[in-house]
Structures are given as structure tokens and as C-alpha cells.
Amino acid sequence: MKILVLAKSGFGKSTSIGKYINEEKNINIKGLNPEDTYVISMTTKDLPFPGSRKAYPSTYPNNIRGGKRVLCKNAQDVLNSLSELSKSSKIKNIVLDDFNYIMQDWYMANALSKG
């Protein structure tokens with residue numbers, strides 16, 4: 001099954017990855033199981049739920065097996081990470097978080113290019 005979640009900033013897309021309970025606001029999100037989930041993130045900011053650093057320790061594309069969340073800076077890193085993760089039978093969920101940063105950074109880096 002493939003799922004695409006699109007929504008405005010602050011809507012709770014990244015928060016829904018993890019377990020999040022806020023009785024005051026009557027929020028109880030079950031989230032994804034960190035044992036079979038891997039996050040490909042385009043930003044270094046922490047995931048917005050309690051315990052995210054422990055559940056999804058960060059690593060870099062050259063050491064993808066060293067964590068549960070890889071920090072990518074370009075599309076090639078994302079592609080390489082997806083290729084490596086596809087070889088694992090333990091990973092059932094792959095989350096691309098804040099993918100718009102990849103596109104935004106590319107456009108900004110090439111904004112003044114001519115040709």
C-alpha cells in the first residue's frame with residue numbers, strides 16, 4: 001500500500017509518524033511502529049513528538065544502517081537511500097518527510113543560472 005499525505009504546514013503530518021498523546025486537546029495518535037519504519041528527512045530539525053530522537057536516531061546517507069532516520073540534502077541522496085532501504089525485509093514503512101525542501105533548495109541554488 002502506498003499513501004501520500006499532503007497538507008498545509010503545521011497540520012500534523014510529521015507528528016502523525018510517532019505516538020503522540022495530548023489529553024488537554026483530546027489528541028491520541030498511535031503513529032507508526034519504529035521497528036519497521038524508516039524516515040528519510042530533508043531537514044535536521046527533530047521530529048515533532050516526544051521520544052523522536054530515541055525512536056528514530058539520525059544518520060547520514062553514507063551510514064544508512066546506523067539509524068532509523070537519514071538526513072538527506074539532495075535528490076540523489078534520497079534515491080540512494082530508497083534503493084538501500086528496498087533491500088531490507090525489516091522495513092515496511094518509508095516516510096519522506098519535508099520533501100519540499102529538496103525542491104526548494106534546488107530552485108534557490110539554480111535561481112540565477114542562465115541557459
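One is the number of the first residue; the rest follow in order along the sequence. Everything numeric in this text was worked out from a predicted model, so none of it was measured.
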Item to complete: Show your working on side-chain hydrogen bond (donor to acceptor under 3.5 Å, both in side chains) between Gln76 and Asn80 and close with a plain yes or no.
Response: CA-CA 6 Å; Gln76 189 61 53; Asn80 292 344; 3.0 Å; yes
Discussion item. How close do Thr59 and Gly66 get, counting heavy atoms only, and between which atoms?
Written reply: CB-C, 4.0 Å
Worksheet item: Do Thr37 and Tyr56 pass the side-chain contact (heavy atoms from CB on, under 4.5 Å) test, and can you show the C-alpha distance, the side-chain angles, and the key distance before you say yes or no?
Response: CA-CA 9 Å; Thr37 301; Tyr56 296 97; 3.7 Å; yes
Fill in: Verify same cluster id: Tyr101, Val78 (apolar side-chain graph, 4.5 Å)
yes
Worksheet item: Does Leu71 belong to the same Ile/Leu/Val/Met/Phe/Trp/Tyr cluster as Leu82, with side-chain heavy atoms less than 4.5 Å apart forming each link?
Response: no
Practice prompt. List the steps and the verdict of salt bridge (Lys or Arg N to Asp or Glu O under 4.0 Å) for Lys45 and Asp98.
Written response: CA-CA 10 Å; Lys45 68 181 179 180; Asp98 284 332; 3.7 Å; yes
Discussion item. Please check this pair: side chain of Ser52 against backbone of Leu47, looking for a donor-acceptor N/O pair closer than 3.5 Å.
Written reply: yes
Worksheet item: Do the non-hydrogen side-chain atoms of Cys72 and Ser41 ever get within less than 4.5 Å of each other?
Response: no
Worksheet item: If you round to the nearest 0.5 Å, how far is OG of Ser81 from OH of Tyr60?
Response: 13.0 Å
Worksheet item: Around Asn110, counting heavy atoms of other residues, nucleotides and ligands shown, do more than 12 lie under 6.0 Å from its CG?
Response: yes
Worksheet item: Is it true that Lys90 and Asp36 make a salt bridge, defined as a side-chain N closer than 4.0 Å to a carboxylate O?
Response: no
Worksheet item: Is a donor on one side and an acceptor on the other found under 3.5 Å between the side chain of Tyr38 and the backbone of Ile64?
Response: yes
Fill in: Check: Met42 and Leu96 side chains under 4.5 Å, non-hydrogen atoms
yes
Discussion item. Any carboxylate oxygen within less than 4.0 angstrom of a Lys/Arg side-chain nitrogen, looking at Arg69 and Asp97?
Written reply: no
Item to complete: Find out if a path of hydrophobic residues (ILVMFWY) with successive side-chain heavy-atom gaps under 4.5 Å connects Leu85 to Leu79.
Response: no
Fill in: Shortest non-hydrogen separation from Lys19 to Phe49 and the atoms involved
O-CB, 4.1 Å
Discussion item. Tell me the closest heavy-atom pair linking Ala75 and Ile102, and the distance in Å.
Written reply: N-CG2, 3.9 Å
Worksheet item: Are any non-hydrogen side-chain atoms of Ser88 and Arg65 less than 4.5 angstrom apart?
Response: yes
Worksheet item: Could you state the interatomic distance from CG (Asn33) to NZ (Lys92), rounded to the nearest 0.5 Å?
Response: 8.0 Å
Practice prompt. Would you mind checking if Glu35 and Lys68 are paired as a salt bridge, meaning a charged N to carboxylate O distance below 4.0 Å?
Written response: no
Response to the item:
Excluding Leu6, membership of its hydrophobic cluster (Ile, Leu, Val, Met, Phe, Trp, Tyr; side-chain heavy atoms within less than 4.5 Å) reads Leu4
